[in-house]
Every structure is written in C-alpha cells, then in structure tokens.
Amino acid sequence: MQKGKNLKIIIVGPQGSGKGTQAEMIATEYKIANISTGVMFREAIKNQTDLGRAVQSIMMQGDLVPDKLTNELIKERLGKSDCKKGFILDGYPRNLAQAEYLLAIHNISHIFEIWVSDKEAIKRISGRRMCSCGMTYHLEYNPPKIAGVCDRCDGRLFLRDDDTEEAVKQRLKIYHQETESIISFFEKKGIHYRINGEQKIPNVYKDVNKILNKILNDNKKKKQTRY
Ligand code: ADP
Ligand code: AMP
C-alpha cells in the first residue's frame with residue numbers, strides 16, 4: 001500500500017514558523033501531494049492570470065484573499081488525481097469559514113500546529129529565500145550550498161514580495177485574529193497535534209514524523225484485527 005495513502009494533513013502556524021519547510025519534507029517522505037494556497041496564488045500572479053490579477057494587491061498588503069476565490073481554488077486542486085494518494089495543506093484553511101468549507105468537501109486525518117513566538121517568526125521571515133520549485137531556505141539557519149541557487153533545481157532564489165515589514169505585521173495580526181481559531185475547532189475533533197517549532201529543522205521534523213509513524217502503525221494494527 002502507498003505509504004501515506006490515508007494522510008490528509010493540515011499544517012498550521014504563524015508566518016515563518018516553518019510550515020512550508022516541514023510540508024516539503026513530509027510530502028517527499030510520505031509521497032503525498034503538497035498543496036500550498038500561497039504558492040498557487042504566487043504562481044497565478046507570476047503568470048498574470050485573472051486570479052493572479054485579482055489577488056495581487058491583496059497579497060502585497062498581507063490581507064486574506066476572499067474565501068470564495070480561495071475555496072474554489074482548493075476544491076479544484078483537491079479534485080486532482082494526485083490527491084488520492086494523500087495530501088498536506090499548507091496555508092489553508094486560514095479562518096473558520098474555510099475550515100467548515102473544507103470539512104464539507106473532504107475529510108482530514110490530522111492537523112499539525114507548528115508553534116513559534118512572533119519574535120522568532122519575524123527573525124525567520126527576514127532571512128527567508130524561496131525557489132519557485134517549492135524549496136525554502138534561510139540565509140543563516142538553512143542556507144543553500146551555493147549562495148542564491150536552489151540545491152534541488154539550480155533555480156535562482158528570490159525574496160517574497162510580501163515579506164516586507166508592514167505586510168508581515170499584518171499577516172501575523174490576521175493569524176492571531178482569524179487563523180488561530182481553527183486550532184480549537186480541530187482540537188475538538190481530536191485530530192490536533194502541537195509541535196514545538198522553536199527547534200532546529202530536523203528536530204521539528206523528528207517530532208512530526210514520530211506522530212505520523214505512530215498513527216500509520218495504529219492504522220495498520222486496526223486493519224489487521226478487523227477480521
Ligand atoms: P512558513 O511556511 O510557516 O511561512 P517557512 O517554511 O517558509 O515558514 O520558513 C520560514 C523561514 O524560516 C525560512 O527561511 C526557513 O528556511 C526558516 N526555517 C524554517 N524552519 C526553521 C527552523 N526550525 N529553524 C530555523 N529556521 C527555520
Ligand atoms: P502564504 O504563502 O501561506 O504565507 O500566503 C501568502 C498570501 O497568500 C497570504 O498572505 C494571503 O494573502 C494569500 N493566501 C494564502 N492562503 C490563503 C487562504 N487560505 N485564504 C486567504 N488568503 C490566502
């Protein structure tokens with residue numbers, strides 16, 4: 001059986017907590033689709049599609065794209081065949097309305113909350129460098145082997161347009177005002193796991209992996225005892 005087949009994960013945390021970094025590692029190891037609404041919106045802006053033009057100024061200010069556009073985008077993406085092998089959602093849902101919409105169209109197996117303080121989040125964002133292939137680096141904490149060049153695809157690294165001081169402040173404010181509420185929503189459903197994000201990248205991953213392995217083993221045992 002496919003290793004991560006039943007994994008339908010949400011990863012949540014403040015901007016800069018390391019969601020994208022961890023999501024990439026989880027998706028690679030468990031061979032599940034890595035879905036980031038932020039990446040999809042940035043791609044739409046780069047290609048100047050109708051969606052890209054509609055969301056560009058909203059994103060630059062650090063505000064949330066309207067739920068209708070975001071929900072439609074995610075519904076279409078989750079309908080694609082690669083999601084049948086499991087998926088990890090990074091950056092969605094970001095408020096209660098999106099969480100309720102998501103559960104109406106899909107079931108979710110776990111939510112990982114990566115906790116860091118705002119102070120640490122700001123430090124990380126200020127050194128962040130991205131590659132269009134999905135890899136994320138940090139000038140000090142996780143530098144590429146060759147400065148400015150992606151280890152995986154040799155692409156040129158770039159700074160995100162919305163990693164400005166003003167937009168970061170606004171994004172963190174929205175995180176605390178709107179996104180944090182989805183944590184208790186999923187906590188009540190018994191599928192929430194809190195991870196200390198203020199550790200080195202491999203140690204955060206070790207904590208996530210420990211939980212995932214336990215869940216997959218428990219699922220296997222349940223299946224074996226079913227008949
Ligand atoms: P998010 O997706 O939550 O906004 P990222 O994965 O883009 O966060 O990480 C933000 C920045 O912090 C990146 O530059 C990344 O390389 C770095 N980073 C991620 N996890 C850690 C960590 N555990 N310790 C130090 N730096 C980290
Ligand atoms: P991220 O890459 O997750 O930090 O997202 C970058 C930006 O994309 C956000 O600041 C929002 O403007 C927009 N965005 C991403 N995901 C969502 C979402 N689920 N709902 C609304 N806006 C979003």
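Just the heavy atoms: all of them, side chains too, but no hydrogens, waters or symmetry mates, feed the values below. Both counts, for ligands and for their atoms, begin at 1 and track the order of listing. Predicted, not measured: the structure shown is a model, and the values here were computed from it.
Between the side chain of Lys189 and the backbone N or O of His110 there is no donor-acceptor pair closer than 3.5 Å.
Annotation: ring pair (Phe, Tyr, Trp, His ring centres under 6.0 Å) contacts of His106 (sequence neighbours excluded): Phe87. Shown here are the ring pair (Phe, Tyr, Trp, His ring centres under 6.0 Å) partners of Phe158, two or more places apart in sequence or in another chain: there are none.
Tyr30 and Asn209 are linked by a side-chain donor-acceptor pair at a separation below 3.5 angstrom, with hydrogens and angles left out of the test. Counted by atom type alone, Glu24 and Thr136 present zero donor-acceptor pairs between their side chains at under 3.5 Å.
Distance CD/Gln48 to CG/Asp50: 10.0 Å, rounded to 0.5 Å. For the atom pair CG (Leu159) and CZ (Arg128), the distance works out to 9.5 Å, reported to the nearest 0.5 Å.
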For ligand 2, run through the N/O pairs with the protein that fall under 3.5 Å and put one pair on each line.
from, atom 1, to, atom 2, distance (Å)
ligand 2, 2 (O), Arg42, NH1, 3.0
ligand 2, 2 (O), Arg42, NH2, 3.2
ligand 2, 2 (O), Arg160, NH1, 3.3
ligand 2, 2 (O), Arg160, NH2, 3.4
ligand 2, 3 (O), Arg94, NH1, 3.0
ligand 2, 3 (O), Arg94, NH2, 3.2
ligand 2, 4 (O), Arg94, NH2, 3.4
ligand 2, 4 (O), Arg160, NH2, 2.9
ligand 2, 5 (O), Arg94, NH2, 3.4
ligand 2, 12 (O), Asp63, O, 2.5
ligand 2, 16 (N), Thr37, OG1, 2.8
ligand 2, 16 (N), Gly91, O, 3.3
ligand 2, 16 (N), Arg94, NH1, 3.0
ligand 2, 19 (N), Gly91, O, 2.9
ligand 2, 19 (N), Gln98, OE1, 3.0
ligand 2, 20 (N), Gln98, NE2, 2.9
ligand 2, 22 (N), Val65, N, 3.0

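The 12-atom threshold is exceeded at CZ of Arg152, counting heavy atoms of other residues, nucleotides or ligands nearer than 6.0 Å.
Ion pairing of Arg129 with Asp163 is absent here, as no side-chain N (NZ or NE/NH1/NH2) approaches a carboxylate O to less than 4.0 Å.
Near ligand 1, residues Pro14, Gln15, Gly16, Ser17, Gly18, Lys19, Gly20, Thr21, Arg124, Arg128, Thr136, Tyr137, His138, Tyr141, Asn142, Gly197, Gln199, Lys200, Ile201, Val204 each place a heavy atom inside the 4.0 Å sphere around the ligand atoms.
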